[in-house]
Amino acid sequence: AQKVTQAQTEISVVEKEDVTLDCVYETRDTTYYLFWYKQPPSGELVFLIRRNSFDEQNEISGRYSWNFQKSTSSFNFTITASQVVDSAVYFCALISYSGAGSYQLTFGKGTKLSVIP
Amino acid sequence: DVKVTQSSRYLVKRTGEKVFLECVQDMDHENMFWYRQDPGLGLRLIYFSYDVKMKEKGDIPEGYSVSREKKERFSLILESASTNQTSMYLCASRTGSSYNEQFFGPGTRLTVL
């Protein structure tokens, strides 16, 4: 069975601080994809990034960056110079093939980030 | 722009009522999903559909059913609502590969009294 662990339930930072959200996953498959979603107070989950298991290159998008390390089964998300608009619940997710034509998508329980002005 | 809409943002129903939650997507996506989100439990998949009139059970289908008569619309039905079905319900859609990202609606917060 696969698993996604977001050990940080809630994090508070002061505006302009950097913050890293941790995501550790477990899967037996060699082919899988990892995702990060943002859920602002409005409720709608917004897709941020997708990364496949064969691409360990880190990615940067503006103030957001992602560090994928297969050796530690982690896919961490860093926000640089945080802003109040970054306040949200962030979910890490994993999808892999579970056999017989089925794919299993597993979400972590989420990390609630509060950025204080 | 990609769009998934849900019929209600907030809904209050009484125990035993039949409840319909509607979801519509305008992206011509083949796959649609219903999740419920509860504090401390994250998102849990209730049902999904990979084509019109097709449905598959997710992790927690008990007490729910679904209907997909048209490609763009996926309905979640609570045949007899119970208080333990008070939750946030999220609809999502996805195209193509199972490895693609899902697009989510704004959610329906259902309270069953």
Side-chain angles (χ1 to χ4, degrees), chain A residues 1-10 21 23 25 27 29-55 59 61 66 75 88-112, chain B residues 1-11 21 23-25 27 29-51 54-60 87-110:
Chain A
Q2 61 185 41
K3 190 176 176 182
V4 176
T5 302
Q6 294 180 256
Q8 305 146 308
T9 307
E10 292 192 40
L21 309 183
C23 174
Y25 62 92
T27 180
D29 293 303
T30 55
T31 301
Y32 53 89
Y33 279 73
L34 294 159
F35 301 82
W36 276 96
Y37 286 87
K38 173 183 180 181
Q39 186 180 38
S42 59
E44 179 177 335
L45 268 78
V46 177
F47 165 74
L48 296 177
I49 189 171
R50 180 181 73 155
R51 171 68 73 222
N52 77 57
S53 52
F54 300 105
D55 182 3
E59 179 144 345
S61 176
W66 291 269
F75 186 41
V89 180
Y90 291 87
F91 290 94
C92 180
L94 162 72
I95 187 166
S96 65
Y97 182 62
S98 56
S102 295
Y103 294 78
Q104 185 176 3
L105 174 62
T106 303
F107 282 87
K109 290 184 168 46
T111 296
K112 183 178 180 180
Chain B
D1 234 9
V2 163
K3 198 78 173 171
V4 179
T5 56
Q6 296 183 229
S7 49
S8 307
R9 290 302 306 272
Y10 300 94
L11 209 52
L21 303 183
C23 174
V24 178
Q25 50 96 3
M27 300 159 285
H29 285 175
E30 302 84 10
N31 305 283
M32 297 187 74
F33 307 82
W34 275 106
Y35 296 89
R36 64 176 283 177
Q37 181 181 9
D38 301 287
L41 297 178
L43 274 74
R44 293 180 292 169
L45 181 65
I46 305 171
Y47 267 97
F48 66 98
S49 168
Y50 52 88
D51 203 349
M54 306 301 285
K55 61 184 179 185
E56 292 283 344
K57 293 180 179 178
D59 300 319
I60 52 164
S87 185
M88 169 72 98
Y89 290 87
L90 292 162
C91 176
S93 71
R94 187 197 71 215
T95 190
S97 164
S98 295
Y99 292 127
N100 286 345
E101 65 272 22
Q102 296 183 14
F103 295 90
F104 284 82
T108 296
R109 189 166 291 283
L110 172 68

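These figures come from a predicted structure and were not determined experimentally.
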Portion of Leu105(A) that has a non-hydrogen atom of chain B nearer than 4.5 angstrom: side chain
Between Gln104(A) and Ser96(A): side-chain donor-acceptor atoms closer than 3.5 Å: no
Interchain contact, Arg44(B) with chain A, by part (heavy-atom threshold 4.5 Å): neither
Donor-acceptor contact present, side-chain Gln39(A) to main-chain Lys112(A), <3.5 Å: no
Side chain / backbone / both / neither for Thr31(A) at chain B, heavy atoms under 4.5 Å: both
Residue, of Leu45(A), Ile49(A), Thr106(A), that accumulates the most heavy atom pairs under 4.5 Å with chain B: Leu45(A)
Enumerate donor-acceptor pairs with a distance under 3.5 Å from any side-chain N or O in residues 98-106 of chain B to protein atoms, sequence neighbours excluded.
unit_1    : atom_1 : unit_2   : atom_2 : d
Asn100(B) : OD1    : Arg50(A) : NH1    : 3.0
Asn100(B) : ND2    : Thr95(B) : O      : 2.8
Gln102(B) : OE1    : Tyr35(B) : OH     : 2.9
Gln102(B) : NE2    : Tyr35(B) : OH     : 3.1

N/O donor-acceptor pair under 3.5 Å between Thr111(A) side chain and Gln8(A) backbone: yes
With Tyr97(A) via ring-ring contact (aromatic ring centres under 6.0 Å, His included) - residues at least two apart: Tyr103(A)
Contact winner vs chain B - Phe91(A), Phe47(A), Phe107(A), heavy-atom pairs under 4.5 Å: Phe47(A)
